[in-house]
Amino acid sequence: MPGLLRLIVAFVFVQHFYAVAPASAEEPISESSGGQTEQIGIEPQIVSDRPATQNPVSIQNRIDQIDEFKQSRFEPEPVQDPFDAWHELKARINDEIGLRFGLFYAPMVQTANPDISNHTAAGGTFNFDLAWNLIGRGTDSPGYLLLRAQDRHRYNDLAPTSLFLQAGSLWPTTVGYNEFHLSVLDLSWQQHFIEDRFVVQLGRMIPFAAHDYFRYKSPFDGFNDATLTLNPTIAYSPTGLGINTLIRPVDDIYIAAGLYDANGQPQHPGFDTFFHTREYLSIVDVGWDPGFIDPNNAVYIGGLKVSDVHATFWHKDELSASNTPGGWGVTLFAEGEIGNLVPFIRAGYSTGSGGGPALLNRMIAGGIGIKGLFGYDSDVLGLGVGWGQRDVGKIDTDFDGIVDTDVGDIHQVSTEIFYKMQLTRELAITPHAQFIINPALDPTRDYTVVLGFRAKFAL
């Protein structure tokens with residue numbers, strides 16, 4: 001399996017260079033620039049600066065989401081947006097030098113059953129994204145300098161991403177809200193060739209932001225429960241040096257292949273681990289997104305419009321420094337639309353000694369998003385449920401250094417409901433609730449309830 005994945009990654013990358021070397025005048029997949037935007041979750045338009053994929057956590061798509069016009073609840077119109085001058089300045093900078101950027105601050109608080117010690121967690125994440133079209137602007141072969149920087153911090157004794165351990169959950173009740181100082185998570189070059197066919201990215205990257213696309217994947221805009229966002233059956237490294245390539249052999253089929261530093265960390269450059277330690281995470285997505293490139297190719301099954309169907313294959317080397325086992329896995333995903341309804345389902349499997357490098361060995365999760373409630377296009381109601389299992393295997397029960405007891409596997413079920421309410425163009429709030437059935441890490445409880453509140457102020 002590991003050899004096959006690396007062969008696929010190498011093949012896609014080599015094929016890219018053989019295919020594009022003589023074709024600098026061909027048309028590319030053009031990422032969003034020039035100020036044209038489209039709402040994530042709304043059918044894309046055929047425009048020259050269409051994004052290469054629908055992934056809502058990619059840098060260009062996130063900037064699009066920040067820049068798009070959103071209805072204000074403080075009507076009647078017209079109401080002067082106090083940040084109009086800021087938006088106009090951003091548009092002028094883009095028009096003059098092809099530089100687009102966006103930033104947001106997202107505070108989060110979650111609280112579990114009050115009889116749990118240390119049951120409340122609070123923190124925030126500051127994010128800055130930049131996409132600079134430095135070469136090929138207005139041509140068929142644009143190149144972009146990409147940057148993403150984040151600062152994650154806690155307000156009290158517990159960061160939100162760590163609450164799950166207190167709550168007895170097998171997986172996090174939210175992601176993206178741990179703790180580290182301002183760090184560059186993405187600093188890469190992205191080159192586009194041959195319109196809607198090839199994209200290559202090289203540099204420091206976030207594997208989570210490049211693979212296993214999902215409409216409500218962002219923990220700052222969508223679900224919080226890790227089975228509905230992170231996918232705990234994939235052993236992602238946080239960030240690190242790497243290379244990925246997107247290829248579309250035909251309009252509606254995509255292959256995204258990536259090779260990343262498995263030891264990557266937010267505050268470590270990673271040149272030593274990538275080039276000398278040489279322990280890697282390999283990921284390949286094979287997907288079908290009919291109608292994304294050309295709406296005339298949209299596929300319907302009854303009243304259901306197919307949005308995205310993909311399989312994700314991955315392998316991670318054993319990490320010698322931390323003695324973390326290697327392993328591999330596969331995820332299957334499908335998503336569609338019926339009017340304002342967005343149903344989805346995801347199933348994941350992973351393997352490796354002692355349970356493997358991924359948090360879960362098996363997972364099934366699914367649910368539905370409901371867009372445009374109460375007449376507000378950017379509002380979303382999300383309902384989801386996830387089941388996950390980890391093969392713990394044998395453990396040292398008396399701490400004498402001898403692995404002597406086989407505890408088998410542990411599993412649990414969790415549900416989540418959230419409502420994202422867009423108050424103004426810049427501010428959204430999201431109350432949410434999770435119900436964890438038979439929390440695996442606290443067998444004394446039949447259930448745990450987690451209530452939360454998230455805000456996002458974006459410019």
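What you see is a predicted model; the values in this text were computed from it and never measured.
- The two residues V57 and A209 make their nearest non-hydrogen contact at CG2-CA, 3.6 Å.
- F104 pairs with exactly one of F220, F457, F128 by the ring pair (Phe, Tyr, Trp, His ring centres under 6.0 Å) rule, that one being F220.
- A 4.5 Å side-chain heavy-atom check between D221 and P56 finds every atom pair outside the cut-off.
- At distances below 3.5 Å, at least one donor-acceptor pair connects side-chain atoms of K217 with backbone N or O atoms of F208.
- Judged purely by distance below 3.5 Å, without hydrogens or angles, the side chains of N127 and Q150 pair a donor atom with an acceptor atom.
- With hydrogens and angles left out, the side-chain atoms of Q110 and T174 include no donor and acceptor closer than 3.5 Å.
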Next on the checklist: As a quick check of understanding, evaluate side-chain contact (heavy atoms from CB on, under 4.5 Å) for L241 and F275, giving each step before the final call.
Outcome noted: CA-CA 9 Å; L241 294 178; F275 292 105; 4.1 Å; yes

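- Between F274 and Y260, the distance separating the two ring centers is not shorter than 6.0 angstrom.
- Side-chain atoms of R100 and N94 include no donor-acceptor pair closer than 3.5 Å.
- Taking CD of Q166 as the start and CG of L441 as the end, the distance is 11.0 Å to the nearest 0.5 Å.
- From L381, atom CG reaches atom OH of Y419 across 7.5 Å, with rounding to the nearest 0.5 Å.
- Ring geometry for H310 versus F333: interplanar angle under 30°, hence parallel rather than tilted (30 to 60°).
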Checklist entry - Checking side-chain contact (heavy atoms from CB on, under 4.5 Å) for the pair V450/F164: CA distance, chi angles, key distance, verdict? => result CA-CA 9 Å; V450 176; F164 78 105; over 6 Å; no

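- In the model, Y177 has no side-chain atom that pairs as donor or acceptor with a side-chain atom of N224 under 3.5 Å.
- Listed for the R154 side chain is a donor-acceptor partner under 3.5 Å among the backbone atoms of N156.
- In this structure, D317 contributes its side chain and Y280 its backbone to a donor-acceptor pair below 3.5 Å.
- Using a distance-only test at 3.5 Å, with no hydrogens or angles considered, no donor-acceptor pair links the side chain of R215 to the main chain of E335.
- No side-chain heavy atom of Y216 sits under 4.5 Å from any side-chain heavy atom of L228.
- With Q265 contributing its side chain and P238 its backbone, the two residues share no donor-acceptor pair below 3.5 Å.
- Contact between P439 and Q412 at its shortest, heavy atoms only, is CA-OE1, 3.5 Å.
- In this structure, S169 contributes its side chain and W171 its backbone to a donor-acceptor pair below 3.5 Å.
- Between F223 and F344, a ring centre-to-centre spacing shorter than 6.0 Å is recorded.
- At least one side-chain heavy atom of R92 sits under 4.5 Å from a side-chain heavy atom of L89.
- In F271, the CZ atom is not crowded: 12 or fewer heavy atoms of neighbouring residues, nucleotides or ligands sit closer than 6.0 Å.
- Side-chain contact of H411 with D409: a donor-acceptor pair under 3.5 Å is absent, judged by distance alone.
- Judged by distance alone, with hydrogens and angles left aside, the side-chain atoms of S350 form a donor-acceptor pair with the main-chain N or O of L360 at under 3.5 Å.
- The two residues Q267 and S183 make their nearest non-hydrogen contact at CG-OG, 2.9 Å.
- Between the CZ atom of R425 and the OG atom of S378 there is a distance of 10.5 Å, given to the nearest 0.5 Å.
- Side-chain contact between L383 and T415 is absent, with no heavy-atom pair separated by less than 4.5 Å.
- Between the side chains of S414 and D225, at least one donor N or O sits under 3.5 Å from an acceptor N or O.
- For H211 and D285, the side-chain atoms include at least one donor-acceptor pair closer than 3.5 Å.
- Between E279 and S320, the closest side-chain pair of non-hydrogen atoms falls below 4.5 Å.
- In this structure the side chain of T125 never reaches within 4.5 angstrom of the side chain of R454, judged on heavy atoms.
- Taking the six-membered ring wherever Trp is involved, the centroid distance between the rings of F101 and W86 falls below 6.0 Å.
- To the nearest 0.5 Å, atom CH2 of residue W132 and atom OH of residue Y144 are 14.0 Å apart.
- Side chain of D129 to backbone of I59: no donor-acceptor contact under 3.5 angstrom is found.
- At distances below 3.5 Å, at least one donor-acceptor pair connects side-chain atoms of T239 with backbone N or O atoms of M205.
- Closest heavy-atom contact between L427 and Q422: O-NE2, 3.3 Å.
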Item to check | Check against salt bridge (charged side-chain N to carboxylate O under 4.0 Å, His left out), R62 and D67 | outcome: CA-CA 9 Å; R62 184 169 278 172; D67 284 347; over 6 Å; no

Item to check | side-chain contact (heavy atoms from CB on, under 4.5 Å) between D308 and Y254, worked out | outcome: CA-CA 10 Å; D308 183 85; Y254 63 88; 2.8 Å; yes

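- Here the CG atom belonging to L146 is positioned 10.5 Å from the CG atom belonging to N133, to the nearest 0.5 angstrom.
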Next on the checklist: side-chain contact (heavy atoms from CB on, under 4.5 Å) for T229 and E416? Distances and angles first, verdict last.
Outcome noted: CA-CA 11 Å; T229 55; E416 179 178 356; over 6 Å; no

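- Using a 4.5 Å heavy-atom threshold, the side chains of P107 and Y155 count as touching.
- Closest approach of D261 to G270, counting heavy atoms only: OD2-O, 3.6 Å.
- The pair D391-R362 meets the salt-bridge criterion, with a side-chain N (NZ, NE, NH1 or NH2) lying under 4.0 Å from an Asp/Glu carboxylate O.
- Side-chain N or O atoms of Q434 include one that pairs as donor or acceptor with a backbone N or O of T173 at under 3.5 Å.
- Between T233 atom OG1 and L359 atom CG the span is 9.5 Å, to the nearest 0.5 Å.
- Salt bridge D272/R278: absent, no basic N to carboxylate O contact under 4.0 Å.
- At a threshold of 4.5 Å between non-hydrogen side-chain atoms, the residues P266 and L185 count as touching.
- Considering every non-hydrogen atom in both V175 and P219, the closest pair reads O-CB, 3.2 Å.
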